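In what follows, residues are counted from 1 in the order of the sequence shown. The structure presented is a predicted model; accordingly, all values stated were derived computationally and were not measured.
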Amino acid sequence: MVRTLRLGLLVATIATTGCSSGVAQWIANTRIGQGDVALARGSYAEASNAYRLALRIAPNDERARVGLRSVQVLIAASDFRAARYDDALAALAVAAKYDPTSARVIQLRADIERARIKRDIVLSNYPTYKETARQLRRSYESLKVVDARIVAALKRFDYTYDPQELDRAIVLSYDLAAEMSRTTNRLVAYRQVVESGSAEAKEATKTTSSGSLLPLP
């Protein structure tokens with residue numbers, strides 16, 4: 001902590017007063033090394049900060065520029081997967097500053113913008129879709145539990161040779177198939193409602209003049 005603070009103060013001193021290029025490059029190299037280590041272990045925020053500090057000292061250092069661009073794309077992708085679209089676009093803006101023609105940056109930005117449009121359509125069709133989605137995920141997670149119990153029964157038979165273990169596996173298999181069928185039907189209904197609109201959404205549109213709901217692309 002103390003070492004980091006001292007290095008930060010030295011960075012500020014060099015940035016404001018100017019120091020020998022050798023010392024400046026040494027500090028930049030140190031920061032780049034910290035960024036590389038942080039990036040390798042998946043600490044994206046820490047890596048981004050290290051590369052930014054390196055660029056304050058050596059704005060044209062290609063390693064720092066490439067490092068910051070790379071980690072910002074990774075941050076943007078992570079934010080995208082978490083549906084934090086504004087944060088993802090902000091991260092991409094930093095990456096684009098150092099490589100405005102990057103195909104990865106351009107593609108990811110386009111993917112985010114398309115997702116935002118689709119999200120708005122889903123929200124207009126089915127405002128409470130998230131709760132149903134959570135219920136479906138929980139249902140599919142519960143299927144893993146039953147599947148694990150079937151596998152456990154089969155493994156027990158391997159050393160007990162007790163046919164009751166096979167009976168238990170068969171009963172659980174029937175239960176699993178029935179639950180899978182019910183959950184699949186719910187998933188199909190969910191897909192239809194997301195695209196065409198739920199009863200609550202259709203009722204809401206009766207009081208507006210917006211016309212029909214847009215289908216999903």
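Proximity of R156 to D162: side-chain heavy atoms (C-beta onward) are nowhere separated by under 4.5 Å. The closest side-chain heavy-atom distance from L176 to R149 is not below 4.5 Å.
The heavy-atom pair separating A28 from A54 by the smallest distance is O-CB, 3.7 Å. When all heavy atoms are compared, the tightest approach of Y51 to A64 is CB-O, 4.0 Å. Scanning all heavy atoms of the two residues, the minimum distance from V94 to Y98 falls at O-CD1, 3.3 Å.
Following chains of ILVMFWY side-chain contacts shorter than 4.5 Å, one cannot reach L154 starting from V171, and the two form parts of different hydrophobic clusters. Side-chain heavy atoms closer than 4.5 Å link hydrophobic residues (I, L, V, M, F, W, Y) into clusters, and following such links, possibly through other members, connects V194 to L123. L55 and I27 are assigned to two separate hydrophobic clusters, defined by single-linkage of ILVMFWY side chains at heavy-atom distances under 4.5 Å. Y190 and Y140 fall within a single hydrophobic cluster, where Ile, Leu, Val, Met, Phe, Trp and Tyr side chains are chained together by heavy-atom contacts under 4.5 Å.
Every pair passing salt bridge (charged side-chain N to carboxylate O under 4.0 Å, His left out) that includes a residue from residues 93-103 is listed here, sequence neighbours excluded: R69-D99. Applying the salt bridge (charged side-chain N to carboxylate O under 4.0 Å, His left out) test to pairs two or more places apart or on separate chains, those with a residue in residues 124-133 are E131-R134, E131-R138. Screening residues 38-50 for salt bridge (charged side-chain N to carboxylate O under 4.0 Å, His left out) gives R41-E46 as the qualifying pairs, with residues at least two apart or on separate chains. Each salt bridge (charged side-chain N to carboxylate O under 4.0 Å, His left out) pair with one or both residues in residues 172-190, not counting sequence neighbours, appears once here: E179-R182.
Once rounded to the nearest 0.5 Å, the distance linking CG of L187 with CZ of R137 reads 11.5 Å. How far CD1 of I150 is from CG of L166: 12.0 Å, rounded to the nearest 0.5 Å. How far CG of D120 is from NZ of K118: 12.5 Å, rounded to the nearest 0.5 Å.
In this view, F157 and Y161 satisfy the ring-ring contact (aromatic ring centres under 6.0 Å, His included) rule, not counting sequence neighbours. For R81, the salt bridge (charged side-chain N to carboxylate O under 4.0 Å, His left out) criterion is met by no residue, not counting sequence neighbours. A148 pairs by the side-chain contact (heavy atoms from CB on, under 4.5 Å) definition with nothing, not counting sequence neighbours. Taking D86 as the reference, R116 meet the salt bridge (charged side-chain N to carboxylate O under 4.0 Å, His left out) condition, with sequence neighbours excluded. By the salt bridge (charged side-chain N to carboxylate O under 4.0 Å, His left out) test, R168 is found to be paired with E165, residues two or more places apart in sequence or in another chain being considered. In this view, R63 and N29, D61 satisfy the side chain to side chain donor-acceptor pair (under 3.5 Å) rule, not counting sequence neighbours.
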With side-chain contact (heavy atoms from CB on, under 4.5 Å) as the test, would you mind laying out the steps for I57 and R31 before giving the verdict?
CA-CA 10 Å; I57 298 301; R31 287 301 190 185; over 6 Å; no
Report the C-alpha distance between V146 and S142 in whole Å, list the side-chain angles of each, state the deciding distance to 0.1 Å, and finish with yes or no for side-chain contact (heavy atoms from CB on, under 4.5 Å).
CA-CA 7 Å; V146 179; S142 70; over 6 Å; no
Apply side-chain contact (heavy atoms from CB on, under 4.5 Å) to F80 and D87, showing your working.
CA-CA 8 Å; F80 179 30; D87 291 342; over 6 Å; no
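A salt bridge links E195 with R191: at least one charged nitrogen is closer than 4.0 Å to a carboxylate oxygen.
Annotation for Q135: atom CD counts as buried by contact number, over 12 foreign heavy atoms lying within 6.0 Å.
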Tell me which donor-acceptor pairs under 3.5 Å the side chains of residues 105-112 have, and how far apart each pair is, sequence neighbours excluded?
unit_1 : atom_1 : unit_2 : atom_2 : d
Q107   : NE2    : D111   : OD1    : 2.9
D111   : OD1    : R114   : NH2    : 2.4

Per-pair distances, 0.1 Å, donor-acceptor, side chain in residues 70-77, under 3.5 Å, sequence neighbours excluded:
unit_1 : atom_1 : unit_2 : atom_2 : d
S70    : OG     : V66    : O      : 2.8
Q72    : OE1    : S48    : OG     : 2.6
Q72    : NE2    : A91    : O      : 3.3

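Between the side chain of S124 and the backbone N or O of I121 there is at least one donor-acceptor pair closer than 3.5 Å.
For the residue pair D79/Y85, the side-chain donor-acceptor check at 3.5 Å is not satisfied.
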